[in-house]
Amino acid sequence: METSFILSCESTIDLPYSYCEARGIPVLFYSYQVDGVSYEDDMGRDPAALPRFYGFLDEGKLPTTAQLNEFQYESFFDALLQQGDVLHIAFGSGMTASVQNAMLAAESLREKYPERKLVVIDSLCSSSGYGLLVDGAADLRDAGKSMDEIADWTMAMRQNVHHQFYSTELKFYRRSGRMSGAAAAIGTVLNIKPILYGSADGHIVACGKVRGRKKAIDTLVETYAKKQVDAANHLVAISHGDCLADAQLLAEKVRAVAAPKDILIVPHEPFSGAHVGPGMLALFFYGSER
């Protein structure tokens, strides 16, 4: 459908690039580095890209990530503004300071393109939660809503996208500072799974711990049961760190509690995946305010 503005996002929406391409959503790509080599957050364009990333983790290599700089945003926005107005939904500020660079770039380009409108929104979301928000905005765009209406909806709904997850590789929590080295070592031996969630300001916060994978999955489902709203009219997303069977089990349990319109199961993207590791399982859904 032809629209009067361009909706854009970043590669950390944890959805395939084919999805963005089909829906006409331009993407700005993050990257990660291993042994001094930079790899783009590929979004599934190269079938070998994600196995390579998890292969690095299996080898004990710890990828490093960096925020997008102002120049990257400026180049990206400049090309879009030559075509029309732009509504850009950015990766949440609780995960990266990149959005501040996006806003600086936008301010600079408004002087160059005074006839254009460029709006940057901090999603306060990450991974597939971010993807759900962009998907909702795209639905409204395709329904003929204006850029301002969609911007208002995005600002209102970003606090209603829940992020619940756990991981099995505690060394990544130790690396991020969320757990001491001793606690990580003991937790690994005892099969402890920290439970985390996305806070109102978009940060990832620990909210408990359970023992064993089954209990961790059940805890995610219990939270979904308590906080989901109008599930039948919303998508649910599940992302996994190379543990598809666990993701499929979680999907079955979610459907049994309150079946959503659909469930998207996707491999977790490398940018934040570098900080949670393999074995991570995350559940994203619309619900009551965080």
Side-chain angles (χ1 to χ4, degrees), residues 6-17 19-20 23 25-33 38-45 49-50 53 63-77 80 86-107 118-138 150-151 153-155 157-165 176 196-205 235 237 239 241 264 266-276 280 282 284 286 290:
I6 298 166
L7 174 66
S8 61
C9 68
E10 294 156 23
S11 63
T12 43
I13 62 169
D14 230 1
L15 294 173
Y17 180 73
Y19 161 90
C20 293
R23 301 209 70 175
I25 304 173
V27 178
L28 180 56
F29 294 92
Y30 279 82
S31 62
Y32 68 92
Q33 295 74 42
S38 182
Y39 300 89
E40 192 169 71
D41 181 7
D42 171 86
M43 297 181 74
R45 290 176 297 170
L50 209 55
F53 170 73
T64 58
T65 58
Q67 66 189 44
L68 294 169
N69 60 46
E70 187 177 344
F71 174 77
Q72 289 171 291
Y73 279 111
E74 192 164 331
S75 298
F76 179 69
F77 291 151
L80 299 181
V86 177
L87 173 59
H88 182 76
I89 303 177
F91 191 31
S93 59
M95 298 297 293
T96 176
S98 292
V99 66
Q100 301 302 323
N101 292 328
M103 291 178 177
L104 289 172
E107 188 62 34
L118 170 55
V119 175
V120 175
I121 294 178
D122 177 358
S123 69
L124 296 179
C125 293
S126 60
S127 303
S128 293
Y130 176 25
L132 288 182
L133 199 64
V134 171
D135 178 78
I150 297 172
W153 176 88
T154 304
M155 291 292 291
M157 291 300 293
R158 62 184 183 170
Q159 288 292 351
N160 295 85
V161 181
H162 287 261
H163 305 54
Q164 303 285 330
F165 73 98
S176 67
L196 298 95
Y197 74 100
S199 67
D201 61 2
H203 288 88
I204 299 302
V205 180
L235 291 176
S239 70
L264 305 175
V266 296
H268 199 61
E269 44 81 20
F271 185 82
S272 53
H275 300 277
V276 295
M280 185 283 311
F284 305 90
Y286 282 100
R290 293 188 213 173

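Note that the coordinates shown come from a computational prediction; the quantities given were computed from them, not determined experimentally.
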Rounded to the nearest 0.5 Å, what separates atom CD1 in I6 from atom CG in L118? 10.5 Å

Rounding to 0.5 Å, atoms CG (L68) and CD (E74) come to a distance of 13.5 Å

With a 3.5 Å distance limit and no angle check, can you tell me whether [X] reaches the backbone of [Y] through a side-chain donor-acceptor pair?
X    : Y    : answer
E107 : L104 : no
Y17  : V27  : no
S123 : Y130 : no
R158 : D122 : yes
R290 : V161 : yes

Who pairs with [X] by side chain to side chain contact (heavy atoms under 4.5 Å, CB included), at least two apart in sequence or on another chain?
X    : result
E40  : F29, R45
A138 : L7, Y19, R23, I25, R141
A200 : Q159
S31  : Q33, S38

Using the test ring pair (Phe, Tyr, Trp, His ring centres under 6.0 Å), find all partners of Y30 that sit at least two apart in sequence or belong to another chain. F91, F271

Looking at [X] and [Y], what are the two nearest heavy atoms and their distance?
X    : Y    : answer
L87  : I121 : CD1-CD1, 3.8 Å
P267 : D14  : O-OD1, 3.1 Å
G198 : I204 : CA-CD1, 4.1 Å
C9   : V134 : CB-CG2, 4.0 Å
S128 : F284 : CB-CD1, 3.4 Å
G94  : H203 : O-CD2, 3.4 Å

Please tell me if the side chains of [X] and [Y] come closer than 4.5 Å, counting only heavy atoms from C-beta onward.
X    : Y    : answer
S127 : H163 : no
Y32  : T64  : no
L264 : L235 : yes
D42  : L50  : no

Let me see the working for M43 and I13 under side chain to side chain contact (heavy atoms under 4.5 Å, CB included), right down to the final yes or no. CA-CA 9 Å; M43 297 181 74; I13 62 169; 4.1 Å; yes

Taking only residues two or more places apart in sequence or in another chain, which ones pass side chain to side chain donor-acceptor pair (under 3.5 Å) with [X]?
X    : answer
S8   : H88
Y73  : E10
Q164 : none
T12  : none

Working for side chain to side chain contact (heavy atoms under 4.5 Å, CB included), residues F77 and L28: CA-CA 9 Å; F77 291 151; L28 180 56; over 6 Å; no

